[in-house]
Amino acid sequence: MSYLAHLRVWHGDADGGELRDHVVEAAEGEVVLDLVHRLQATECPDLAVRWNCKAGKCGSCSAEINGKPKLMCMTRMSTFATDEVITVTPMRTFPVIKDLVCDVSFNYVKAREVPAFEPPADLEPGEYRMQQVDVQRSQEFRKCIECFLCQDVCHVIRDHEDNKEAFSGPRFLMRVAELEMHPLDARGETRADRPDEAREEHGLGLCNITRCCTDVCPEHIQITDNALIPLKERAADRYYDPLLRLFRR
Ligand code: SF4
C-alpha cells in the first residue's frame with residue numbers, strides 16, 4: 001500500500017535556513033531515508049544528505065527525526081501515523097554544511113586525543129594472551145559504528161558550545177574505558193593512567209550520567225552502565241581514596 005507522507009525538511013547552510021514542507025510518496029516497508037532519496041530524485045535535486053550502507057552499519061545518515069537523534073535508514077515509516085508530519089533536521093550539536101549534512105570533524109579531533117593501546121614493553125607481538133571474558137567486555141564497545149548520535153544528544157556539548165574543548169563526549173570516553181579495561185594495556189605503568197586522563201583531559205566529570213547517550217545508540221551499547229560509570233568509579237577511586245593517594249605519593 002502506498003500513501004502520501006508529509007515531510008518537513010530543513011534546507012539551508014551555515015548562514016541559516018528554513019523548514020520546508022514536502023508531500024512525498026511512501027510505500028510499505030520504507031524508511032525515512034527512502035523518502036529523502038525520493039525527494040532528492042524529484043522535487044529537490046540539490047538536497048544534501050550523507051548516507052552510505054542503508055543497513056545501519058556505516059553511521060552516515062545520522063539526523064534528528066521529530067527532534068530525536070536517529071539513523072534515517074533505520075527509522076521505519078510504519079512507526080509514524082500516515083497523516084503525521086515528520087520533521088527531518090540535521091544533528092544540532094555539529095555545524096551544518098548544507099541541508100542534512102553536518103561537519104562532524106569535532107569527533108575526529110577528539111578521537112586523535114585518545115592515546116592508542118600500549119602493550120607491555122616486554123611482550124612481543126604474538127605473545128599477547130587474553131581471557132575470553134576480557135575479549136567479550138571490549139566486544140560490546142567495538143560494535144560502535146561512529147554515527148555520533150550519542151555525541152549529538154549529549155547535553156554537555158549540545159547546549160554548551162564552550163564545553164567542546166574540555167569534553168570528548170560519550171563515544172570517546174567509551175573508547176578510554178575500553179582501553180582501561182584491556183588487560184594488556186600498559187599505559188598507566190609508564191605515565192598518567194587512563195582514568196586520570198579521562199578526568200583531566202576528556203572531561204569525565206562533566207558527564208552526569210543522564211543516560212541519553214545509551215537511549216539513542218542504534219547498536220544498543222550500554223554506554224552509561226558499562227563504560228561511563230565504571231570509568232567514573234575508577235577515576236574516583238584513584239583520585240579520592242586517601243590510601244591510594246598516600247600510596248601514589
Ligand atoms: Fe553511535 Fe552508539 Fe557509537 Fe555513540 S556509541 S557513536 S550512538 S554506535
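Order of appearance sets the numbers: ligands from 1, and atoms from 1 within every ligand. Just so we're clear, the structure is a prediction, and the values are computed from it rather than from any experiment.
- Near I223, the atoms of ligand 1 lying under 4.0 angstrom from a non-hydrogen atom of the residue are 5 (S).
- Residue pairs meeting the side chain to side chain donor-acceptor pair (under 3.5 Å) criterion with at least one partner in residues 171-183, sequence neighbours excluded, are R142-E178, E146-R171, R175-E178, E180-R234, E180-R238.
- Remark: ligand 1 atoms within the under-4.0 Å shell around heavy atoms of M174 are 5 (S).
- Ion pairing between R8 and D21 holds under the 4.0 Å rule for side-chain N and carboxylate O.
- Between R20 and E18 a salt bridge is recorded (basic side-chain N to carboxylate O distance below 4.0 Å).
- Between K57 and E219 there is a salt bridge, with a side-chain nitrogen of the basic residue lying less than 4.0 Å from a carboxylate oxygen of the acidic one.
- A donor-acceptor pair under 3.5 Å is formed between the side chain of K164 and the backbone N or O of T93.
- Protein N/O/S atoms closer than 2.8 Å to atom 1 (Fe) of ligand 1: C147 SG.
- Judged by distance alone, with hydrogens and angles left aside, the side-chain atoms of D152 form a donor-acceptor pair with the main-chain N or O of R92 at under 3.5 Å.
- A chain of hydrophobic side-chain contacts below 4.5 Å, direct or via other Ile, Leu, Val, Met, Phe, Trp or Tyr residues, connects V24 to I86.
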